[in-house]
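Taking it in order: structure first as structure tokens, then the write-up.
Since we're looking at a predicted model, the values are computed, not measured.
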Amino acid sequence: MHVGIEWLFFDIGSTIIDEGAAYGHRIKDIADLGGMPYETIYNTAIDVYKQNKKGDIETAKLFGIAPSGGCLSWQ
């Protein structure tokens, strides 16, 4: 079938590459755009992630922060 293929990896998020810095940057961008403390946005996002939802995107929506290209165009 596929000669030479020995391994197949499924990256389900931060499995192969630590994406923590990217998420931290997104949280900071949301806080800056909303004029809110980083800790407020971070804690809200963590609560949303615990519900198995996209914490960064759902937190931005919750606080009425709309994507404006660039930093929030990752939806």
Do the side chains of Ile41 and Leu33 join up, straight or via other hydrophobic residues, at under 4.5 Å, putting them in one cluster?
-> yes
What's the spacing between Ile65 CD1 and Ile57 CD1 if we round to 0.5 Å?
-> 13.0 Å
Hey, what do you get for CE (Met36) to CD1 (Ile30), rounding to the nearest 0.5 Å?
-> 11.0 Å
Which is it for Asp32 and Tyr38 under the side-chain contact (heavy atoms from CB on, under 4.5 Å) test, yes or no, and what are the steps along the way?
-> CA-CA 8 Å; Asp32 290 347; Tyr38 176 89; over 6 Å; no
Look at the side-chain heavy atoms of Ile, Leu, Val, Met, Phe, Trp and Tyr, link any pair under 4.5 Å apart, and say whether Val48 and Ile46 land in one connected group.
-> no
In this structure, CD of Glu19 is separated from CZ of Arg26 (nearest 0.5 Å) by 7.5 Å
Distance from Tyr42 atom OH to Thr59 atom OG1, nearest 0.5 Å?
-> 11.5 Å
Report the distance from atom CG of Asp56 to atom NZ of Lys61, rounding to the nearest 0.5 Å.
-> 10.5 Å
